[in-house]
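These figures come from a predicted structure and were not determined experimentally.
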Amino acid sequence: MKVCTGQNLSKKFRYRTRAAAFQFLKSDKDGCVVADDYCVSVPEEAEDLVRESDSLGHCVKDYCEAVANGSTYILFLRRAEKPDKPFVTMEVRKRYRLIQVKARGNEPVCMRQPEIS
């Protein structure tokens with residue numbers, strides 16, 4: 001499992017995710033941007049990727065170094081009424097190129113996904 005270890009890598013991860021929050025969400029504050037029934041947020045710490053991986057059963061935890069070095073961004077899509085509960089994970093690269101969108105178990109995304117127990 002590749003999780004950001006070491007103070008320097010963790011610091012770079014936090015810097016990049018703050019930049020992503022400003023770039024994608026137009027906010028430098030924590031939290032998520034709500035639109036309709038959904039909200040989008042960025043991970044604050046590398047451990048957020050681990051929790052996302054464990055909850056949804058996919059490999060986003062392996063993207064820590066890529067996020068820290070700025071080669072990719074990870075965004076979390078949540079239901080607005082449950083912003084802390086994993087729903088969908090998105091990978092976006094520079095120039096706002098959407099690379100992948102994954103639900104539980106790497107399943108294709110349907111916006112009416114069943115709740116995760």
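Side chains of Asp37 and Arg79 form no contact here, defined as non-hydrogen atoms less than 4.5 Å apart. Inter-residue side-chain proximity for Glu44 and Arg14 is flagged as unmet; no heavy-atom pair is nearer than 4.5 Å. Within the 4.5 Å cutoff, the side chain of Leu56 has no heavy atoms near those of the Lys102 side chain. Counting heavy atoms from C-beta outward, Phe76 and Asp48 have side chains that approach closer than 4.5 Å. A 4.5 Å side-chain heavy-atom check between Arg93 and Leu98 finds every atom pair outside the cut-off.
Leu9 and Tyr15 sit in two unconnected hydrophobic clusters of ILVMFWY residues. Membership requires side-chain heavy atoms under 4.5 Å apart, directly or through other members. Hydrophobic clustering (side-chain heavy atoms under 4.5 Å, transitive across Ile, Leu, Val, Met, Phe, Trp, Tyr) keeps Val60 apart from Ile99.
Taking CG of Leu49 as the start and CD1 of Ile74 as the end, the distance is 6.5 Å to the nearest 0.5 Å. Here the straight-line distance linking atom NZ of Lys12 with atom CD of Glu65 works out to 9.0 Å at 0.5 Å rounding. Atom CZ of Phe87 is separated from atom OG of Ser55 by 13.5 Å, given to the nearest 0.5 angstrom.
The two residues Thr89 and His58 make their nearest non-hydrogen contact at OG1-NE2, 3.0 Å. Among all heavy-atom pairs drawn from Pro86 and Asp84, the shortest one is CD-O, 3.6 Å. In plain terms, the two heavy atoms of Ser53 and Cys59 that are nearest each other are OG-C, 3.6 Å. Closest non-hydrogen pair, Ala46 versus Phe13, comes out as N-CE2, 3.3 Å. For the pair Val109 and Ala103, the tightest heavy-atom approach, listed with the atom from each and the gap, is CG2-N, 4.0 Å. Taking both residues in full, the closest heavy atoms of Arg78 and Glu52 are given as NH2-OE1, 2.6 Å, listed atom of the first, atom of the second, then distance.
Checking each of Lys94, Gln100, Glu91 against Thr72 for a side chain to side chain donor-acceptor pair (under 3.5 Å) leaves exactly one that passes, namely Glu91.
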Q | Trace of the side-chain contact (heavy atoms from CB on, under 4.5 Å) decision for Val42 with Arg18 | A | CA-CA 8 Å; Val42 297; Arg18 287 249 183 233; over 6 Å; no

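Not counting sequence neighbours, Asn106 has no partner by the side chain to side chain donor-acceptor pair (under 3.5 Å) test.
A donor-acceptor pair under 3.5 Å links the side-chain atoms of Asn69 to the main chain of Ser71, judged by distance alone.
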